[in-house]
Every structure is written in C-alpha cells, then in structure tokens.
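Sequence lines set the chain letters: A, B, ... in the order given, protein chains first and strands last, and positions in each chain run from 1.
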Amino acid sequence: MLRSHYSNEVSKKDYGKKIRIAGWIEDIRNLGGIAFIILRDRAGRMQITAIKKQNPELFKEIVSLTRESVISAYGICQQNSKVMNGWELLLEEMEVLAKAETPLPMGVIDKVNVDFDTRLDNRIIDLRRDEVKAIFMIRHSFIHYASDFLRKKGFVEVHTPKISASSSEGGTEVFKIDYFGRDAFLVQSPQLYKQMLMASGLDRVYEIAWYFRAEEHDTSRHLNESTAIDIEMAFIESEEDVMKVAEELTDYAIQKILDENSEELDALHVEVDLPSLPYPRISYDEVVEILQKEIDFKWGDDLGTDEENLLAKHLDYELYFIKDFPLEAKPFYAMPSGKYARAFDLEYKGMEIASGAQRIHDYSLLVQRMNELGMKTENFEDYLKAFRYGMPPHGGFGYGIERFLMRFLNLKNIRECILFPRDRKRLRP
RNA sequence: GCCCCGGUGGUGUAGCGGUUAUCAUGUGGGCCUGUCGAGCCCACGACCCGAGUUCAAAUCUCGGCCGGGGCGCCA
C-alpha cells in the first residue's frame with residue numbers, strides 16, 4: 001500500500017519508526033533551508049518536514065509541487081510537541097502520485113469565500129473541506145443507524161423499481177423517459193410498491209429510496225432528485241404504530257450520531273440536545289386554532305412555509321407530529337376517518353421531514369377513493385391487484401434524508417446534504 | 001409561475017459616466033532552518049454577450065444568456 005498510517009493512526013509507539021503517509025498537499029511553507037508540507041488525508045492533517053541540506057534534490061522537488069497534488073511520503077515519524085499532531089514525518093522518500101493543475105478552480109484552504117454555486121461546480125474539491133466532508137460522514141451514520149434500527153425491529157430491506165409504467169400516484173409531476181420506445185416514468189416514491197409488498201407476507205419492509213420529482217420548484221429545501229428512508233408495516237392497529245417507529249428511529253439515529261460523530265458535529269459548529277420521547281402529537285385542528293390567533297387561516301387550508309414557521313414559533317419543541325389532516329390534504333391511499341385522514345407529518349424546526357399514514361387496505365374502499373378523486377383505476381391495475389387477494393391493515397412513512405440532515409445540522413440549503421444535487425437548473429456535475 | 005437581486009482576474013470583492021479598474025486570496029519567481037491564516041520583495045491575471053445613448057460606458061437604456069434569494073407549486 002501507498003500508506004502505512006492514516007494521519008489519526010499514528011501514536012507514540014510509532015515515534016522513531018519509519019512510516020508511509022499519503023494524501024493531498026494542502027499547503028507548503030518553504031522557509032528556505034527547511035520546509036513544512038501540510039498533508040491531508042481522509043482522517044485529518046499531518047506535517048511533513050523537509051530539510052534542504054539533508055537532500056537538496058528531494059527538497060526542491062517537494063517544495064515545487066502544486067497545492068492539492070497527491071503524494072506518498074516515507075520517512076521517520078518524529079515526535080515533536082510543537083507540531084499539530086505531536087509528530088512530524090522527516091522526509092526521506094517521496095512518490096508523486098498525481099500533480100494538481102494550477103490554478104485550482106476553488107481553494108480548499110484559501111482565506112476567501114467561495115459561492116455555493118462555485119462549490120457545487122467543483123464538488124470534488126469542495127468535499128476536501130472538513131465541514132463539507134463532515135456532512136457526508138454524518139449522512140453515512142444517519143443512514144447506517146436508521147437501517148440498523150429498522151433491521152432490529154424486523155424490517156427487511158427491499159429495492160423497488162425506479163422506472164415504472166404507471167405515471168403518477170398523484171400530487172407531483174414525474175419525469176417521463178423513453179423505455180425502448182415506450183413511455184415510462186421515474187417513480188416519485190416507492191409508495192405503491194412498498195404497499196404492494198404488504199400483501200407478500202414480508203410484513204415489514206424498508207428502502208433507502210430515491211425520489212424523482214419533476215416539479216419546477218426552486219427553493220433551498222427542494223430537490224428534483226432526493227433520497228428517503230421509506231418504510232411500510234403490516235398488521236398495525238393504527239397510524240400510531242407507525243409514528244412510534246418514526247420517532248424511535250429518529251431518536252436512535254440522533255443518539256448514535258451524537259456518540260460517534262462529535263468531531264464532525266464540531267466541524268459544523270452544531271450542538272444538539274436530544275429531544276425526549278415521545279414527540280408531541282398535535283392535531284391539525286389544534287394547528288388551526290393556534291394559527292387563527294395570528295393569521296387568517298381556514299380549516300382545510302394547506303400548511304405553507306409561513307404557516308409551518310409560525311407554528312414552530314408557538315411551540316417549545318423542535319420535533320413534533322402534526323396528525324389528523326383534512327382528508328383532502330392527503331393522497332388517495334390515506335385511511336379516511338370521517339373528514340380526516342389518519343395521516344401525520346413529522347416536523348423538525350418548522351419543516352416537514354417525514355410524512356406517513358395508515359393506508360387503506362380494503363380494495364373497494366380504495367377504488368371508491370380513487371373514483372372520488374377522479375383517478376383512472378385502469379392505470380393502477382398492478383397496484384390494485386395486490387389488494388384483492390389478502391391485504392392486511394398497514395401503514396408507513398417516507399422520511400427525507402436530506403430534509404432531516406438539513407434541520408439536524410442547521411444548514412441553510414438542502415443541496416448541502418446531497419453530493420451532486422439535481423435541481424431545476426443543475427444537471428451537472 | 002410570481003416578486004426581488006446580481007454577473008468585474010482562477011476565487012471572493014471595490015468601483016456605478018472620464019481611474020494606470022480597488023483590495024484580498026491565488027499563481028509564477030526571489031529571500032529566509034521551526035512554520036502552523038508563516039513573513040518580506042517582484043511579477044501575472046478581469047469588466048457575460050449584443051444593440052443603443054454619449055465627446056466618453058464596467059458604470060446609463062433595451063434585448064439576450066447565465067446565476068442567486070424569497071414565495072408558490074410540492075406522497
């Protein structure tokens with residue numbers, strides 16, 4: 001291997017021994033007779049020290065390298081309390097693995113600002129920065145521990161198609177694609193498939209899902225391609241069973257991230273207090289009452305951005321459910337209960353991060369609801385078929401990964417939470 | 001779709017009728033043996049495109065292209 005140690009793997013027992021380190025040259029401080037090279041790897045930074053009179057040619061070679069070039073360096077690991085990690089590598093041999101062109105399209109450690117747009121145009125360089133990398137390490141943890149939690153609860157990981165013949169489950173625009181000459185669509189969510197699976201006997205499924213939405217929205221909290229943790233579970237008594245999973249999953253993941261990603265949270269200057277369980281449940285009717293004290297808001301109105309923010313201001317907690325929405329506000333498959341839907345949103349600091357419901361499992365009721373909403377049942381034959389041969393009561397939710405991270409890390413733009421965001425204007429890189 | 005705003009060296013900016021187009025960062029070169037936002041010296045490098053107004057346009061007007069912020073839309 002081109003490295004024997006990552007920057008954080010060197011300890012006292014290595015002092016005085018030869019080691020090999022590798023990474024990107026972040027900075028070269030050439031003082032004339034001595035030079036300090038700051039090398040960065042995945043785990044952090046370390047210092048290489050080169051002394052001119054010990055090896056003039058090697059010295060010249062290393063100080064003339066460009067920033068962000070990739071090298072592997074070999075030498076003695078020398079203890080030095082004055083250096084950042086308590087040690088430095090006294091350079092003996094070096095292999096230049098890749099020279100970086102100059103100038104860089106954006107600086108990694110420059111003391112000037114970089115526009116977010118420039119950062120996204122140069123995302124691979126952007127990701128070399130600690131605070132950017134930290135977001136994705138935390139994202140990694142979040143998905144890992146959410147999965148971990150679900151698996152412990154008996155959920156089976158599944159992968160449903162992202163290309164589908166049926167156009168839409170409603171509510172949003174979808175992307176149309178050419179499927180060997182036939183019209184096909186990118187799915188807006190795994191909703192229909194994960195529900196169908198409830199008739200399979202798997203009972204509990206989850207998916208790290210991709211959502212494709214062709215909405216031309218242009219905001220800091222929407223993406224046209226986003227990811228989610230989608231679950232569906234059968235034999236529930238009510239939507240409350242589903243909400244429990246949503247809040248416990250959130251609680252478990254946050255706890256684990258606090259335990260294991262303190263370095264990353266520091267890099268992002270994020271301090272989190274673990275909200276206590278259970279998260280409050282607020283009915284839509286209560287929301288209406290609260291909002292009516294301040295603004296003109298009628299029962300049945302949608303909760304827009306302003307309404308969500310206003311509500312959040314009135315509440316003392318960061319994570320809470322809104323439940324029992326007007327039936328019209330929720331999709332056709334939500335279980336009706338009078339004029340209400342047995343549906344809920346999980347809100348985090350005034351933004352919806354997850355949305356779920358108990359679903360309709362009765363075939364005729366489902367068809368009735370679709371007819372009421374003017375939907376063509378013939379477009380949903382495969383979906384409906386699953387309801388005709390023994391479909392247990394079930395429910396589930398979709399939980400936006402970027403949405404969660406955005407709120408958890410107090411990020412201003414949801415694009416921060418996905419490597420290569422897709423929005424109305426951005427199709428590259 | 002609506003309402004604002006903006007495009008100046010590689011990056012981030014100042015200038016808003018006449019400037020040698022500002023500053024920082026960067027890049028290239030030089031000096032320096034303990035730097036850690038290293039320091040010092042020298043150099044390099046830019047007004048989105050087009051039309052118009054004017055003696056004179058980075059600056060004003062119009063059009064285009066590109067982008068940003070907010071809202072709407074949004075399982």
Please pick, from C32(B), G26(B), U11(B), the nucleotide with the shortest atom-to-atom distance to any side-chain atom of T118(A). U11(B)
If the sugar-phosphate is the primed atoms plus P, OP1 and OP2 and the base is the rest, what is the B/S/- string for nucleotides 64-72 of chain B, using protein heavy atoms under 4.0 Å? ---SSSSBB
Test item: side-chain donor near acceptor, E247(A) and T250(A), under 3.5 Å: no
Is the phosphate of U11(B) approached by K111(A) (side-chain N or O, under 4.0 Å from OP1 or OP2)? no
Using the P atom in both, what is the distance from G45(B) to G63(B), to the nearest Å? 36 Å
Could you tell me how far G9(B) sits from C3(B) if I compare only their P atoms? Round to whole Å. 30 Å
For C36(B), which nucleotide in any strand shown is its Watson-Crick or wobble partner with both distances under 3.5 Å? none
Could you state the CD-P distance from E101(A) to U11(B), rounded to the nearest angstrom? 15 Å
A21(B) pairs with, by Watson-Crick or G-U criteria that keep both distances under 3.5 Å: none
What's the gap between U59(B) and G7(B) when it is taken at their C1' atoms, as a whole Å value? 14 Å
We want to know whether D251(A) and Y279(A) form a side-chain donor-acceptor pair, criterion being a heavy-atom distance below 3.5 angstrom. no
Could you check which nucleotide pairs with A43(B) in any of the strands shown, counting Watson-Crick or G-U wobble with both distances under 3.5 Å? U27(B)
Look for any protein N or O under 3.5 Å of an N or O in nucleotides 42-45 of chain B and output each such pair with its distance, or none.
none

Is any side-chain heavy atom of F344(A) closer than 4.5 Å to a side-chain heavy atom of I322(A)? no
Would you say CD of Q292(A) has more than 12 non-hydrogen atoms from neighbouring residues, nucleotides or ligands within 6.0 angstrom? yes
Distance-only polar pair, side chains of T66(A) and E101(A), donor-acceptor under 3.5 Å: no
Contacts of type ring pair (Phe, Tyr, Trp, His ring centres under 6.0 Å), residue Y74(A), not counting sequence neighbours: none
Counting only heavy atoms and a strict 4.0 angstrom limit, can you tell me which residues of residues 391-407 of chain A come near RNA chain B? none
Would you say K162(A) has more than 12 foreign heavy atoms packed within less than 6.0 Å of its NZ? yes
For R213(A) and S189(A), test the side chains for any donor-to-acceptor distance below 3.5 angstrom and give the result as yes or no. no
Expected output is a numbered-order residue list: members of residues 80-91 of chain A with a heavy atom under 4.0 Å from any atom of RNA chain B. What is it? N80(A), K82(A), V83(A), E88(A)
Looking only at side-chain N and O atoms, does S72(A) offer a donor or acceptor that is under 3.5 Å from a partner on E95(A)? no
Spacing between D115(A) atom CG and G7(B) atom P, to the nearest angstrom: 12 Å
G26(B) C1' sits how many Å from I28(A) CD1, rounded? 14 Å
Taking side chain to side chain donor-acceptor pair (under 3.5 Å) as the test, write out the residues that go with R415(A), two or more places apart. N413(A), D423(A)
Between C1' of A14(B) and CG of N113(A), the distance in whole Å: 15 Å
Salt bridge (Lys or Arg N to Asp or Glu O under 4.0 Å) contacts in which one or both residues fall within residues 350-372 of chain A, not counting sequence neighbours: E232(A)-R359(A), R369(A)-E372(A)
How long is the span from the CD1 atom in I401(A) to the CD1 atom in I418(A), to the nearest 0.5 Å? 8.5 Å
Strand contacts (RNA chain B) in residues 31-44 of chain A, 4.0 angstrom heavy-atom criterion: L31(A), G32(A), G33(A), I34(A), F36(A)
E57(A) atom CD, neighbour heavy-atom count above 12 within 6.0 Å: no
Nearest-Å distance once atom C1' is located in both C42(B) and C32(B): 16 Å
Whole angstroms only, please: what is the CG-C1' distance between D302(A) and C74(B)? 10 Å
Just to be sure I understand the rule, does K53(A) reach a base, reach only the sugar-phosphate, or reach nothing, if contact means heavy atoms closer than 4.0 Å? base
For Y252(A), what residues pass the side chain to side chain donor-acceptor pair (under 3.5 Å) criterion, not counting sequence neighbours? D148(A), K152(A)
Decide if atom OH of Y179(A) counts as having more than 12 heavy atoms of other residues, nucleotides or ligands within a radius under 6.0 Å. no
In whole angstrom, give the distance that lies between atom CD1 of I51(A) and atom C1' of G34(B). 9 Å
Are the side chains of D183(A) and K176(A) in contact, using a 4.5 Å heavy-atom criterion? yes
Among pairs that include at least one residue of residues 16-25 of chain A, which meet side chain to side chain donor-acceptor pair (under 3.5 Å), considering only residues two or more places apart or in two chains? K18(A)-E92(A)
More than 12 heavy atoms of other groups within 6.0 Å of R388(A) CZ: yes
Which pairs, with at least one residue in residues 33-63 of chain A and sequence neighbours excluded, count as a ring-ring contact (aromatic ring centres under 6.0 Å, His included)? none
d(CZ, R29(A); C1', G34(B)) in whole Å: 11 Å
Between C23(B) and C47(B), how many Å separate the two C1' atoms, rounded to a whole number? 16 Å
Once you round it to whole Å, what is the distance between P of G28(B) and CG of N30(A)? 12 Å
What class does the angle between the rings of F404(A) and Y399(A) fall in, given that below 30° is parallel, 30 to 60° is tilted and above 60° is perpendicular? tilted
Using heavy atoms to find the nearest nucleotide of RNA chain B for I109(A) and R424(A) separately, return the residue whose nucleotide is more 5′. R424(A)
Among residues 58-73 of chain A, which ones have heavy-atom contacts with RNA chain B below 4.0 Å? T66(A), R67(A)
Is I414(A) close to R403(A) at the side-chain level, that is, under 4.5 Å between some pair of heavy atoms? yes
Considering only the P atoms, how many Å lie between C41(B) and U25(B), rounded to the nearest integer? 12 Å
Rounded P spacing from G17(B) to A57(B) in Å: 14 Å
For atom C1', what is the distance between A58(B) and G15(B), given to the nearest Å? 9 Å
In Watson-Crick or G-U wobble terms, with both distances under 3.5 Å, the base opposite G50(B) is C62(B)
